[in-house]
Amino acid sequence: MAHDEDAGNPDRQGESGKDAAVEALLERFVGDVRDALPLVALWAHGSLALGDFQPGRSDLDLIAVVAEDITDAQRDRLRTLHRALTRDDPLSAKLHCSYIATATLPETGHRHVTWAHQKLFARTVTEVSRRELALGGRCLYGPPPAELLPAVTDEELADFIRTELRGFWYPAAARRLDWLRDVWVDLGLVTVARATVTLRDGRLITKGEALDLLTAELDAPPSVVHDIRDRRYGRPGAARRRFDPLWRVERARLARTFVRTGIERALER
């Protein structure tokens, strides 16, 4: 008789169910967007495409390529579409999608209609996202990224990362109250690790690889890295510390100090 390795593992069975739920959500989303817009292609990037995706915790990072600029009427359709998804499927709260007209694909500075954080607004598709798509973008509909998306050079990628570190993250590390929130701690440390590797080696790494690097090579505070890891992978330690105000203040101090030092070291490369 065949042996099912997941049969006696309730955690793995739960993860398999979540994976199936994500695939069902993506399938519905492809159909909904095709009904609402002249869809050319739909791609996934980030952890969903490159690995270390955590259902219910990781974002669903998507790019929709459409035949023409989005009209006001189509914006209204998109709001309705995304709100219906959010109402029907809790996983869609993490679904982010930028809508790029084919004519603007080469323009890295162009601000595209985007749904994220439960609202519609405009933002760029960064050089990092474009490189992720080139390396391992997952094609959900239409032609793959390599057929439509111009390549990002190593120099363009490095210039973007240096600008983000200097112009956004370094000043942000001085804003004490922001770092009491989980999202700033998580993104700040992971960004430093990923930027360090890209500027040093030209590679992109996953969030899981970044967490390993933080303690193995970058001398990040172990207690903060453990806290990020516990929350990312749903470990019980996270729940115990979540409501400890003294821990949050100390974590913020450690994270801010590391981020500033880590950026200074990364920019020396």
Side-chain angles (χ1 to χ4, degrees), residues 11-12 15 45-59 61 126-129 131-137 152 154-155 157-166 168-174 178-242 244 246-269:
D11 291 337
R12 182 58 207 148
E15 289 303 313
H45 63 104
S47 58
L48 186 62
L50 300 179
D52 197 38
F53 179 77
Q54 303 298 309
R57 299 185 184 91
S58 298
D59 292 333
D61 296 314
T126 71
E127 284 82 349
V128 171
S129 296
R131 177 60 67 88
E132 286 178 349
L133 286 164
L135 290 176
V152 173
D154 290 345
E155 183 178 1
L157 181 63
D159 285 347
F160 169 78
I161 289 171
R162 291 190 183 98
T163 298
E164 283 289 293
L165 293 179
R166 289 194 189 101
F168 180 80
W169 283 106
Y170 198 76
D178 287 343
W179 294 81
L180 295 172
R181 298 170 57 197
D182 293 343
V183 64
W184 282 89
V185 174
D186 296 0
L187 287 178
L189 269 71
V190 167
T191 294
V192 168
R194 298 174 90 173
T196 298
V197 170
T198 303
L199 294 177
R200 182 185 68 196
D201 305 332
R203 296 186 297 116
L204 298 183
I205 60 174
T206 67
K207 290 180 180 177
E209 290 171 322
L211 290 174
D212 292 339
L213 187 78
L214 283 166
T215 49
E217 296 184 29
L218 299 183
D219 299 321
S223 60
V224 179
V225 177
H226 292 159
D227 178 70
I228 298 171
R229 197 186 296 275
D230 286 348
R231 282 183 286 102
R232 178 165 178 77
Y233 298 108
R235 295 172 180 172
R240 292 195 298 269
R241 292 189 294 265
R242 182 173 294 274
D244 183 346
L246 294 179
W247 158 243
R248 296 183 83 86
V249 170
E250 176 64 6
R251 184 187 68 171
R253 183 189 69 79
L254 291 169
R256 290 172 53 245
T257 300
F258 171 78
V259 165
R260 289 181 70 87
T261 302
I263 289 173
E264 291 167 356
R265 287 189 304 216
L267 292 176
E268 289 174 355
R269 300 180 183 279

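Small disclaimer: the values here were computed from a predicted structure and weren't measured. Numbers here are sequence positions counted from 1.
- Here the CZ-CH2 distance, from R256 to W184, works out to 11.5 Å after rounding to the nearest 0.5 Å.
- Taking OG1 of T198 as the start and CG of L157 as the end, the distance is 6.0 Å to the nearest 0.5 Å.
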**Study point:** Evaluation steps, side-chain contact (heavy atoms from CB on, under 4.5 Å), between R229 and D212
**Key:** CA-CA 10 Å; R229 197 186 296 275; D212 292 339; 3.3 Å; yes
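- One distance of note links CG of D59 with NE2 of H45; it measures 9.5 Å at 0.5 Å rounding.
- Taking the side chain to side chain contact (heavy atoms under 4.5 Å, CB included) definition, one finds that T206 meets it with D52, E209, sequence neighbours left out.
- Between the side chain of W179 and the backbone N or O of A172 there is at least one donor-acceptor pair closer than 3.5 Å.
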Practice item. Decide side-chain contact (heavy atoms from CB on, under 4.5 Å) for L180 and R251; before the verdict, give the C-alpha distance in whole Å, the side-chain angles of both, and the deciding distance to 0.1 Å. Key: CA-CA 8 Å; L180 295 172; R251 184 187 68 171; over 6 Å; no
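- With rounding to the nearest 0.5 Å, the separation of CD1 in I263 from CH2 in W169 is 8.0 Å.
- V225 and A220 get closest at one heavy-atom pair: CG2-CB, 3.8 Å.
- A distance-only check finds a donor-acceptor pair linking the side chain of E132 to the backbone of G46 [under 3.5 Å].
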Check your understanding: How far apart are the C-alpha atoms of L211 and Y233, what are their side-chain angles, what is the distance that settles it, and do they pass the side-chain contact (heavy atoms from CB on, under 4.5 Å) test?
Key -> CA-CA 12 Å; L211 290 174; Y233 298 108; 4.1 Å; yes
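- Proximity of a side-chain donor or acceptor of R131 to a complementary backbone N or O of V152 within less than 3.5 Å is detected.
- The OG1 atom of T196 sits 8.5 Å away from atom CD1 of I205, with the distance rounded to the nearest 0.5 Å.
- With salt bridges taken as basic N to acidic carboxylate O contacts below 4.0 Å, none links R265 and E268.
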Practice item. For V224 and F258, run side-chain contact (heavy atoms from CB on, under 4.5 Å): C-alpha distance rounded to whole Å, both residues' side-chain angles, the deciding distance at 0.1 Å, then the answer. Key: CA-CA 10 Å; V224 179; F258 171 78; over 6 Å; no
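- In this structure, E127 and F160 approach most closely via the heavy-atom pair OE1-CD1, 3.1 Å.
- The line from CZ of R162 to CG of L199 is 5.0 Å long, rounded to the nearest 0.5 Å.
- Residues L48 and D61 are not in side-chain contact: their nearest non-hydrogen atoms beyond the backbone lie 4.5 Å or more apart.
- Residue A193 comes nearest to L213 through the heavy atom pair O-CD2, 3.7 Å, listed as atom of the first residue, atom of the second, then distance.
- Within the 3.5 Å criterion, the main-chain N or O of G208 finds no donor-acceptor partner in the side chain of R232.
- Closest approach of P171 and L165 over heavy atoms only: CD-O, 4.4 Å.
- Using a 4.0 Å cut-off between charged nitrogen and carboxylate oxygen, R231 and D227 count as a salt-bridge pair.
- Among all heavy-atom pairs drawn from R253 and T257, the shortest one is O-OG1, 2.9 Å.
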